[in-house]
*Asks:* 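Sharing a structure below in structure tokens format, with a few things to ask.
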Amino acid sequence: MTVGDPVAPPDEGTDEAPGVLLLPPSVEQARAEDDDYYGKMGRPFDRRSPFFIGLFGAFGVAMAYVVFRGLADVSGILIIVGVALFLAIGLNPIVHFLTERGLSRGAATVCVTWGFLAVIAVFVVVAIPPISHEVQALVNNYPHYKKELIAGKGWAGKLAVKLHLTSYLKGSSKLKIPIAGGAFGAGKAILSVGVGIVSTTALTIYFLIALPGVTKLWLSLIPASRRERVRLLTDEVYDRVGGFMLGNLLSSVVAGVGTYVWLTIFGVPYALLLSLFVALLDLIPMVGSTIAGVVVSLVALTKGLPIAVATAGFYIFYRFLEDYLLNPRIMKHTVKISPGLTIIATLIGGSLLGLIGALIAIPVAATIHLLLEEVALPRQNQR
């Protein structure tokens, strides 16, 4: 074939498309006879080379960054899910008690939910009348309070004079307050808290109903050879978390009843409301009863300084009994950890996650203590 001659079309029985460059027959035959026509394969890539280590190290760092950044972005959602699961495990003993009495798990969950809503409703019904009364009294007496502040009478008036606020009260100067930004920020915070409460409540109800299925799914991920031991450890964790919740509720009831009796004896106003307030805050370990005691002591000032001092002394004494007599006995028989570990766990949890961390710190510490006691330490002692 010479240059310029047309290329003959391929035969009808061949698969080659027209216009494809074909190797000469001698080259095709040489390739078929010689396996090393393109040369021998080189050695495998050295995985210990600096390039390989640096490349995959960079990939690992990038992947770790992506994972941790993703966890940080959804940390709020993970906290809500964790709190809901914690509450569901804590309330599970009550649901289990009701199911043993013949109720289905869904009906038992409904009963527990209605009981919780009943407690909230009682608190709201008790709180609305005194709060509305005090707000109405403040509105009615506002002109009198304003005159006293302008005149510098009383401790509030003296404080207003020291802070140079009398000119603003007289109206000669205007106090610039970013009302729009403050209102927007407050509304955003209230909306976030509301969404968090509703989400946590809904997830808690779901976990209460589906807890056996969630536990079964968790155990199915464990190898069959270790499944029975993991099941026993999981049941023990459930028992300790539920025991903590019930023990915490018991100590809160004791605090609320004691507060109601004390305030009733001395005639401090709003005894029922303050006792419910103390019971709710006492659910927060370590700091809850202290904050409640300060608030109640301030309210007791309306009956005089001696009664307020006596109320503060009552709460100091009760705090001593709760920390060194009541709680250690409850925690010893429920979560099975020492009082010192309880205090340390609460401080660490409060530093990491604030109020939520302080609430779940003791059950988490009890779980870690159980795993160390039953898994890590026995392996260390093996020879």
*Asks:* Membership question, hydrophobic clusters at under 4.5 Å side-chain separation (ILVMFWY): are Phe207 and Val241 in the same one?
*Replies:* yes
*Asks:* Could you grab the distance from atom CD1 of Ile265 to atom CD1 of Ile307, nearest 0.5 Å is fine?
*Replies:* 11.5 Å
*Asks:* Working note: Ile222 + Arg229, criterion side chain to side chain contact (heavy atoms under 4.5 Å, CB included); need CA distance, chi angles, decisive distance, verdict.
*Replies:* CA-CA 10 Å; Ile222 307 300; Arg229 177 169 171 79; over 6 Å; no
*Asks:* Flag yes if more than 12 heavy atoms outside Tyr206 fall under 6.0 Å of its OH atom; otherwise flag no.
*Replies:* no
*Asks:* How close do Leu370 and Glu236 get, heavy atom to heavy atom, and via which atoms?
*Replies:* CD2-CG, 3.6 Å
*Asks:* Taking atom CG of Leu298 as the centre, report whether more than 12 heavy atoms of other residues, nucleotides or ligands fall under 6.0 Å from it.
*Replies:* yes
*Asks:* Can you see which heavy atom on Ser275 is nearest to which on Gly256, and at what distance?
*Replies:* CB-O, 3.3 Å
*Asks:* Below 4.5 Å, heavy atoms only, C-beta onward: do Met245 and Leu87 meet side chain to side chain?
*Replies:* yes
*Asks:* Can you find a heavy atom in the side chain of Val254 that is under 4.5 Å from one in the side chain of Glu322?
*Replies:* no
*Asks:* Under the criterion side-chain contact (heavy atoms from CB on, under 4.5 Å), which of Glu374, Glu228, Arg226 is the partner of Leu233?
*Replies:* Glu374
*Asks:* For Leu272, which of Leu263, Thr264, Val126 qualifies under side-chain contact (heavy atoms from CB on, under 4.5 Å)?
*Replies:* Val126
*Asks:* Is Phe314 linked to Val294 within one hydrophobic cluster, defined over Ile, Leu, Val, Met, Phe, Trp and Tyr using a side-chain heavy-atom separation of less than 4.5 Å?
*Replies:* no
*Asks:* Give me the atom names and distance for the closest heavy-atom approach of Ala308 to Ala300.
*Replies:* CA-CB, 3.9 Å
*Asks:* Find the distance between OH (Tyr315) and OH (Tyr318) and round it off to the nearest 0.5 Å.
*Replies:* 9.0 Å
*Asks:* Has the side chain of Ser199 got a donor or acceptor atom that lies under 3.5 Å from a matching backbone atom of Gly196?
*Replies:* no
*Asks:* For the backbone of Gln136 and the side chain of Asn140, can you confirm whether one donor and one acceptor N or O come within less than 3.5 Å of each other?
*Replies:* yes
*Asks:* For residues Cys111 and Leu98, report the shortest heavy-atom separation together with the two atoms involved.
*Replies:* CB-CD1, 4.0 Å
*Asks:* Report yes or no: does Arg231 contribute a side-chain atom to a donor-acceptor pair with the main-chain N or O of Lys216 at less than 3.5 Å?
*Replies:* no
*Asks:* Say you draw a straight line from CD1 of Ile80 to CG of Leu85; how long is it, rounded to the nearest 0.5 Å?
*Replies:* 13.5 Å
*Asks:* State the OG1-CD1 distance between Thr200 and Ile205, to the nearest 0.5 angstrom.
*Replies:* 11.0 Å
*Asks:* Looking at every non-hydrogen atom in both residues, tell me the closest pair between Asp282 and Asn248 and how far apart they are.
*Replies:* O-OD1, 3.7 Å
*Asks:* At what distance, to the nearest 0.5 angstrom, does CD1 of Ile128 lie from CG of Leu273?
*Replies:* 11.0 Å
*Asks:* Is there a path of hydrophobic side-chain contacts, each under 4.5 Å between heavy atoms of I/L/V/M/F/W/Y residues, joining Ile356 to Leu203?
*Replies:* yes
*Asks:* Taking the six-membered ring for Trp, are Trp262 and Phe266 parallel (under 30°), tilted (30 to 60°) or perpendicular (over 60°)?
*Replies:* tilted
*Asks:* Is there a side-chain contact between Leu246 and Leu250 in this structure, where contact means two heavy atoms from C-beta onward sitting under 4.5 Å apart?
*Replies:* no
*Asks:* Is it true that Tyr238 and Val95 fall in one hydrophobic cluster, defined by side-chain heavy atoms closer than 4.5 Å?
*Replies:* no
*Asks:* Checking Arg240 against Ile362 for the side chain to side chain contact (heavy atoms under 4.5 Å, CB included) test, could you report, in this order, the C-alpha distance in whole Å, the side-chain angles of both residues, the deciding distance, and whether it holds?
*Replies:* CA-CA 10 Å; Arg240 293 193 179 189; Ile362 295 177; over 6 Å; no
*Asks:* With rounding to the nearest 0.5 angstrom, report the OG1 to CD1 distance, Thr311 to Ile316.
*Replies:* 11.0 Å
*Asks:* Considering non-hydrogen atoms only, spot the tightest contact between Arg319 and Ser289 and give its length.
*Replies:* CD-OG, 3.4 Å
*Asks:* Is there a path of hydrophobic side-chain contacts, each under 4.5 Å between heavy atoms of I, L, V, M, F, W or Y residues, that connects Leu78 with Val83?
*Replies:* no
